[in-house]
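For reference, the structure is listed below as structure tokens.
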Amino acid sequence: TTPVFQILCSGAHMLLMPDPKMKDISEDGFMEKQKQVYISGALTSVWERIKLKVFYEEIGTSCETKGLFPYVPHKYKSLDTNPDISVEEMYHSNMEQVDKSNLMIAYVGAPSRGTGMEIERANKNGIQVIILSEKDKKVSRMVKGCPAVIKHIVFSDFADARKQLDVVLEEWIAANR
């Protein structure tokens with residue numbers, strides 16, 4: 001397949017990058033919509049912030065290897081790279097990406113109001129959610145009971161999480177062709 005690109009213009013600069021929502025033209029000329037996966041998880045109030053960022057990016061890589069487009073928020077809108085971004089812009093940008101997604105994968109092993117808000121937004125819009133947490137972590141019953149949650153992956157370490165997630169993603173892809 002041939003990727004479809006979008007051109008982003010900012011002043012005199014132009015950036016050519018894959019259009020995250022549609023995506024490929026198959027050899028027969030028909031558009032095939034690449035499915036977007038929103039990767040959600042705590043970052044603001046966690047001491048293992050660097051480890052979690054890497055974990056979220058690894059989840060994104062798992063999605064990419066299966067032909068899915070992962071939207072990992074901190075890779076696009078980050079206070080680290082853009083400390084002047086307003087809280088309103090951050091909110092609207094993330095919620096817009098949740099709305100555009102076909103699936104959400106949410107790490108819920110650390111409490112996060114933002115992740116809870118994103119999960120509820122997915123629920124409101126009929127977007128399925130896969131949640132992940134360590135075996136020794138308590139997860140809110142509100143999150144586990146959310147109708148959008150289709151699977152709770154309980155893992156021993158991040159490698160185990162990715163291994164289990166790969167199986168669940170294959171099943172989700174097969175069921176959502």
Side-chain angles (χ1 to χ4, degrees), residues 20-21 35-66 68-169 171-173 176:
K21 240 351 226 184
K35 295 186 183 313
Q36 178 168 304
V37 180
Y38 188 92
I39 314 299
S40 180
L43 282 179
T44 303
S45 300
V46 292
W47 67 273
E48 293 182 320
R49 185 175 179 177
I50 302 300
K51 279 175 138 179
L52 287 174
K53 279 186 172 184
V54 170
F55 179 50
Y56 303 153
E57 290 171 18
E58 288 175 349
I59 291 170
T61 299
S62 292
C63 292
E64 284 176 336
T65 64
K66 299 190 179 329
L68 303 169
F69 174 79
Y71 186 86
V72 184
H74 72 262
K75 288 179 69 177
Y76 297 93
K77 300 268 185 179
S78 170
L79 292 173
D80 296 335
T81 58
N82 186 359
D84 297 325
I85 189 170
S86 72
V87 292
E88 294 84 6
E89 182 180 348
M90 183 72 78
Y91 172 84
H92 291 294
S93 173
N94 286 350
M95 290 305 177
E96 177 182 354
Q97 293 304 320
V98 170
D99 294 346
K100 289 180 179 180
S101 295
N102 304 93
L103 176 68
M104 176 183 287
I105 299 172
Y107 170 71
V108 295
S112 169
R113 290 178 184 94
T115 299
M117 290 173 67
E118 291 167 343
I119 290 170
E120 182 51 33
R121 180 71 166 242
N123 180 52
K124 177 182 171 206
N125 289 309
I127 299 164
Q128 296 177 328
V129 179
I130 298 167
I131 59 173
L132 304 103
S133 66
E134 294 90 342
K135 290 178 181 177
D136 63 340
K137 302 284 179 150
K138 281 193 162 191
V139 177
S140 164
R141 295 184 330 156
M142 287 292 289
V143 169
K144 292 194 300 187
C146 177
V149 173
I150 58 170
K151 180 73 175 175
H152 181 187
I153 295 173
V154 179
F155 60 89
S156 55
D157 58 30
F158 291 154
D160 179 39
R162 283 193 62 192
K163 182 178 161 189
Q164 290 187 60
L165 180 60
D166 282 344
V167 172
V168 173
L169 283 174
E171 293 168 356
W172 184 85
I173 290 166
N176 290 279

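Here, residue 1 is the first one in the sequence, and each next residue gets the next number. The structure presented is a predicted model; accordingly, all values stated were derived computationally and were not measured.
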Test side chain to side chain contact (heavy atoms under 4.5 Å, CB included) on Tyr38 and Asn94; report intermediate values, then the result. CA-CA 9 Å; Tyr38 188 92; Asn94 286 350; 3.4 Å; yes
Hey, does the side chain of [X] reach the backbone of [Y] with a donor-acceptor pair shorter than 3.5 angstrom?
X	Y	result
Thr65	Ser62	yes
Asn176	Trp172	yes
Tyr56	Pro73	no
Gln36	Gln97	yes
Ser86	Glu89	yes
Gln164	Val154	yes
Asp157	Ala159	yes
Ser112	Val108	no

Any non-hydrogen side-chain atom of [X] less than 4.5 Å from a side-chain atom of [Y]?
X	Y	value
Glu134	Ser156	no
Val72	Lys53	no
Glu57	His74	yes
Tyr91	Met117	yes
Lys66	Ile173	yes
Val37	Asn102	no
Asn123	Val149	no
Ile131	Ile153	no

Starting at [atom1] of [X], measure out to [atom2] of [Y] and round the result to the nearest 0.5 Å.
X	Y	atom1	atom2	result
Ser101	Glu96	OG	CD	10.5 Å
Cys63	Leu103	SG	CG	7.0 Å
Ile39	Ile59	CD1	CD1	6.0 Å
Glu171	Leu169	CD	CG	9.5 Å
Glu88	Ile85	CD	CD1	10.5 Å

Return the minimal non-hydrogen interatomic distance between [X] and [Y], and the atom names on each side.
X	Y	answer
Pro70	Gly60	CG-O, 3.3 Å
Met104	Glu118	CE-O, 3.2 Å
Leu52	Ala42	CD1-O, 3.8 Å
Val129	Ala106	CG1-CB, 4.4 Å
Ala161	Leu132	CB-CD2, 4.1 Å

Check the orientation of Tyr107 and Phe55. Use parallel for under 30°, tilted for 30 to 60°, and perpendicular for over 60°. perpendicular
With a 6.0 Å cut-off (strictly less than), is the heavy-atom count around NZ of Lys137, excluding the residue itself, greater than 12? yes
